[in-house]
Enquirer: 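Please find one structure pasted underneath; my questions will follow.
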Amino acid sequence: GKEEAAAKRQATESARAQAMATKRVEEQPLAKAKQAKASHILLNVSAEKDFEAIEKQLAGWKAILDDAPYHNQEHDFAELAKKHSECPSASRGGALGFFPQGKMVDEFDAVCFSAKTKAIHGPVRTATDAHLIFLHSRIEK
C-alpha cells in the first residue's frame with residue numbers, strides 16, 4: 001500500500017511539474033525575445049521642416065550630447081526630449097522603457113538591436129519623421 005501511494009504521489013507531482021513548465025512557456029513569448037531599453041527624441045516632417053532641417057537639428061543636439069560626460073547625457077537628453085520631442089513619450093523625457101525586438105518600426109528597431117549601448121544614435125530617418133535614439137541597454141536571451 002505504502003509504495004503504491006508513494007508512486008501515485010510521485011506521478012501527481014510529476015504531472016503538476018509538467019503542467020507548470022508548459023504554462024510557464026506559454027506565458028513568456030516576450031521573455032524569449034531580445035529586448036532593448038531606449039529613449040528617443042522624435043521630430044516629424046512638416047511643411048515648414050523637411051527631412052534635412054529636422055536631421056540637422058537632431059545632429060546638432062547629438063554633437064552637443066556626445067561632448068558631455070556620460071552621466072550628464074541621460075539628463076540632458078531627457079530635458080531635450082521634454083522640450084522638443086513630438087512623441088507622447090516626451091513627457092517621460094523620451095523614455096520608451098524596455099520593448100521586444102520587432103515592436104518598433106524597422107529603422108528604429110535595427111539601431112536598437114545592433115548598435116552600441118549606452119550611446120546616442122541618429123538621426124534615424126523613418127517614413128514620416130526622424131529620431132535621435134539613446135540606447136541604454138539590451139537584454140539578449
Side-chain angles (χ1 to χ4, degrees), residues 2-141:
K2 243 189 216 164
E3 280 171 25
E4 204 177 298
K8 202 180 240 176
R9 189 168 58 240
Q10 201 171 357
T12 306
E13 280 171 17
S14 170
R16 187 178 300 138
Q18 194 92 40
M20 290 288 286
T22 307
K23 184 168 171 28
R24 215 171 293 129
V25 169
E26 284 166 7
E27 279 172 3
Q28 56 173 178
L30 284 183
K32 277 210 183 83
K34 288 181 186 176
Q35 298 203 29
K37 183 184 184 191
S39 300
H40 75 144
I41 299 171
L42 164 83
L43 296 180
N44 288 305
V45 170
S46 64
E48 301 80 54
K49 286 184 166 177
D50 61 6
F51 270 115
E52 240 160 66
I54 64 175
E55 286 172 342
K56 193 173 176 182
Q57 193 167 11
L58 291 169
W61 290 334
K62 181 180 187 298
I64 294 166
L65 290 163
D66 280 343
D67 279 344
Y70 178 73
H71 61 270
N72 291 345
Q73 286 178 350
E74 290 190 273
H75 173 267
D76 295 352
F77 189 96
E79 289 304 306
L80 277 172
K82 281 179 189 162
K83 277 197 197 93
H84 304 285
S85 183
E86 297 172 39
C87 173
S89 67
S91 61
R92 299 187 300 275
L96 299 168
F98 276 101
F99 49 87
Q101 192 165 15
K103 183 173 193 267
M104 304 295 177
V105 295
D106 291 350
E107 299 90 338
F108 195 92
D109 216 51
V111 170
C112 292
F113 290 95
S114 67
K116 185 171 157 295
T117 58
K118 292 187 165 53
I120 298 163
H121 304 283
V124 175
R125 185 189 286 209
T126 62
T128 57
D129 49 47
H131 308 255
L132 210 51
I133 302 171
F134 198 138
L135 184 57
H136 304 287
S137 61
R138 198 163 40 234
I139 301 172
E140 311 274 351
K141 280 296 170 197

Enquirer: Please find the pair of heavy atoms, one from Ser85 and one from Ala90, that lie closest to each other, and give the distance.
Expert: O-CB, 3.6 Å

Enquirer: Could you give the distance from CD1 (Ile41) to CD1 (Ile120), rounded to the nearest 0.5 Å?
Expert: 8.0 Å

Enquirer: Rounded to the nearest 0.5 Å, how far does CG of Leu42 lie from NE2 of His84?
Expert: 13.5 Å

Enquirer: Suppose we screen for salt bridge (Lys or Arg N to Asp or Glu O under 4.0 Å). Which residues come up paired with Arg125, at least two apart in sequence or across chains?
Expert: Glu55

Enquirer: Would you indicate whether the side-chain heavy atoms of Lys116 and Lys118 approach each other to under 4.5 Å?
Expert: no

Enquirer: Distance from Glu86 atom CD to Asn44 atom CG, nearest 0.5 Å?
Expert: 4.5 Å

Enquirer: Under 3.5 Å, is there a donor-acceptor pair between the side chain of Ser89 and the main chain of Ala95?
Expert: no

Enquirer: For residues 99-114, please give each side-chain donor-acceptor pair under 3.5 Å, one per line with the distance, not counting sequence neighbours.
Expert:
unit_1	atom_1	unit_2	atom_2	d
Asp109	OD1	Gly102	N	3.2
Asp109	OD2	Gly102	N	2.9
Ser114	OG	Ala110	O	2.6

Enquirer: How long is the straight-line distance from OG1 of Thr117 back to NZ of Lys37, given to the nearest 0.5 Å?
Expert: 12.0 Å

Enquirer: Which donor-acceptor pairs under 3.5 Å do the side chains of residues 71-79 make with protein atoms, sequence neighbours left out?
Expert:
unit_1	atom_1	unit_2	atom_2	d
Gln73	NE2	Leu65	O	2.9
Gln73	NE2	Ala68	O	3.2
Glu74	OE2	His136	ND1	3.2

Enquirer: Rounded to the nearest 0.5 Å, what's the gap from CG on Leu80 to OG on Ser39? Could you check?
Expert: 12.0 Å

Enquirer: Please report the shortest heavy-atom distance between Ala81 and Gly94, naming the atom on each side.
Expert: CB-N, 3.7 Å

Enquirer: So which heavy atom on Leu135 is nearest to which on Ala115, and how close?
Expert: CD2-O, 3.5 Å

Enquirer: Name all residues meeting the salt bridge (Lys or Arg N to Asp or Glu O under 4.0 Å) criterion together with Glu3; count only those two or more places apart in sequence or in a different chain, and write none if there are none.
Expert: none

Enquirer: State whether the number of non-hydrogen atoms from other residues, nucleotides or ligands found under 6.0 Å of Glu4 atom CD is greater than 12.
Expert: no

Enquirer: For Arg92 versus Pro88, what's the shortest heavy-atom pair and its separation?
Expert: NH1-O, 4.5 Å

Enquirer: Do any side-chain atoms of residues 127-134 form donor-acceptor pairs under 3.5 angstrom with protein atoms, and if so which ones, sequence neighbours left out?
Expert:
unit_1	atom_1	unit_2	atom_2	d
Asp129	OD1	Thr126	OG1	2.2
Asp129	OD1	His131	NE2	3.1
His131	ND1	His40	ND1	2.9

Enquirer: What residues form a salt bridge (Lys or Arg N to Asp or Glu O under 4.0 Å) with Lys62, not counting sequence neighbours?
Expert: Asp66

